[in-house]
S.K.: 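After the structure tokens below, expect a handful of questions from me.
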2 protein chains.
Amino acid sequence: MRSRRSDYTESTRHALVDSALELFTKRGYAGTSLDAIVKRARVTKGALYHHFSGKQALFEAAFNQVETAAMDRLSAAIDGDGPAWDRAMAGIRGYVRVCLDPAYQRVVIHEAPVVMGWERWREAEEHFSYGLVRGTVEALVQAGEIEPLPVEVTARILFGALSAGAEAIAGSSDPKATAADVTRTIVAVMTGMRRAAP
Amino acid sequence: MRSRRSDYTESTRHALVDSALELFTKRGYAGTSLDAIVKRARVTKGALYHHFSGKQALFEAAFNQVETAAMDRLSAAIDGDGPAWDRAMAGIRGYVRVCLDPAYQRVVIHEAPVVMGWERWREAEEHFSYGLVRGTVEALVQAGEIEPLPVEVTARILFGALSAGAEAIAGSSDPKATAADVTRTIVAVMTGMRRAAP
DNA sequence: GTGGTGAACATACCGATGGTATGTCGAAGA
DNA sequence: TCTTCGACATACCATCGGTATGTTCACCAC
């Protein structure tokens, strides 16, 4: 059962998404033409529009791929049965590492809110990185580790802080050192929010 | 000296920037055509390309206008001779208010990094909002109000936290309440970082 | 085996859009 | 008055996203 058709269609999809992801990461959404994408995937626009409804849908497919990969790495860091605080700190370190991926930086953090629209981006993020951050904050509040601030807003702000830290790392001349600074600073902030055990 | 030519050219520039700013705010950069901009400004593309080198340059002019207005409001809140801590808190409240402006939200926070490129955006921000945040953090560290964390990274993270808070406000169904939550949360975070007076 | 069917593409084309090249007009100096 | 030049307007071009149509070929009913 080698020459099933669906095998080839799946590889075509993959080729398109891979090509799109690489070009979007390198030149951005607006700076990437469909011609360039299909050329790199060795297909034509007919194939593209057979599998996707348009440029945006292709972008979302690339977005989902990056986010799924990020989730795999992140949940591995967060999951477990240790104390909520320790898992949160591991999550912070893990997310900073995830943000070092140029594809995550450009596609997920920078372009997705503009290309997909903020509302749709927000909705998608619920099931991805932001969902994890939010869950972590919730766990911290429930465990009584931090002051009972509004979860939604606190999670948003932490998410923004993490993203900004990631951007600082990516734009730094010494990413390693900056990454250490970012982790240290965020941990310091979180520690400041930590409530003395009741 | 009414019919000086430069008077009219200045008003033409203003009309173009105003038109662009309104349309960029409403429909975004990619969703706004130059034809729509010049039509609303009651001029032609010839005038546009006489005053600006292209669409990006026009966007940057709009960006600068929004940022300048924001700076005026912000420095009024920050300037003064009170304690560094109080001025910082006033700055936070002021920045949250600034972020309620839809033009600031969409043009400065969302689109500018994508349209201008992150590096150029970062450079421009040095002289605008981010410059103020950074200066505030520096003042806090020098006054011994907060732990001596790396200023650049701390400022970036705070800036990201504020922007994320602003986005949460803009996307909220109850902006007033969310704005209060954001201010409260950020102040709580900053307070957590505050060092006991030596 | 063969004729029909539909998925999986390829090709040709269209309209919109950013950008350019050229033309026009009127005020200011020589 | 003649020239110059800034401040536009007009006409046009190239690119790009998207669509309409054509083509191939595996699969299935008979």
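Convention: sequence-line order gives letters A, B, ...; per-chain numbering from 1.
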S.K.: Is there a continuous path of hydrophobic side-chain contacts, each under 4.5 Å between heavy atoms, that joins B/V114 to B/I109?
M.R.: no

S.K.: Can you tell me the distance, in whole Å, between the CZ atom of B/F59 and the P atom of C/dG18?
M.R.: 14 Å

S.K.: Let me spell it out: for each of B/H50 and A/G54, pick the nucleotide of DNA chain D with the closest heavy atom. Which residue's pick is nearer the 5' end?
M.R.: B/H50

S.K.: In this structure, how many angstroms lie between the C1' atom of D/dA7 and the CZ atom of B/R13, rounded?
M.R.: 13 Å

S.K.: Within the distance-only criterion (no hydrogens, no angle test), does the side chain of A/T191 pair as donor or acceptor with the backbone N or O of A/V187 below 3.5 angstrom?
M.R.: yes

S.K.: A/H51 has an atom NE2; how far is it from atom P of C/dA8, in whole Å?
M.R.: 6 Å

S.K.: Quick test of your reading of the model: are B/E126 and B/R156 salt-bridged, counting only N-O distances below 4.0 Å?
M.R.: yes

S.K.: Measure from NZ on A/K55 to C1' on D/dC16 and round the result to the nearest Å.
M.R.: 8 Å

S.K.: With the threshold set at 4.0 Å, does a side-chain nitrogen-carboxylate oxygen contact exist between A/R194 and A/E147?
M.R.: no

S.K.: Could you identify which residues of residues 27-47 of chain A place a heavy atom less than 4.0 Å from some atom of DNA chain D, listed by residue number, or say none?
M.R.: A/T32, A/S33, A/L34, A/K45

S.K.: Expressed in angstrom and rounded to an integer, what is the separation of A/L58 atom CG from D/dC16 atom P?
M.R.: 16 Å

S.K.: Would you call B/E167-A/R122 a salt bridge at under 4.0 Å N-O?
M.R.: no

S.K.: Nearest whole angstrom, please: distance from the C1' of C/dT17 to the CG of B/L48.
M.R.: 13 Å

S.K.: Grab the OH-P distance between A/Y49 and D/dT21 for me, whole Å please.
M.R.: 17 Å

S.K.: Could you check B/R106 against B/E22 for salt bridge (charged side-chain N to carboxylate O under 4.0 Å, His left out), going step by step and ending with a plain yes or no?
M.R.: CA-CA 11 Å; B/R106 182 137 201 187; B/E22 177 163 334; over 6 Å; no

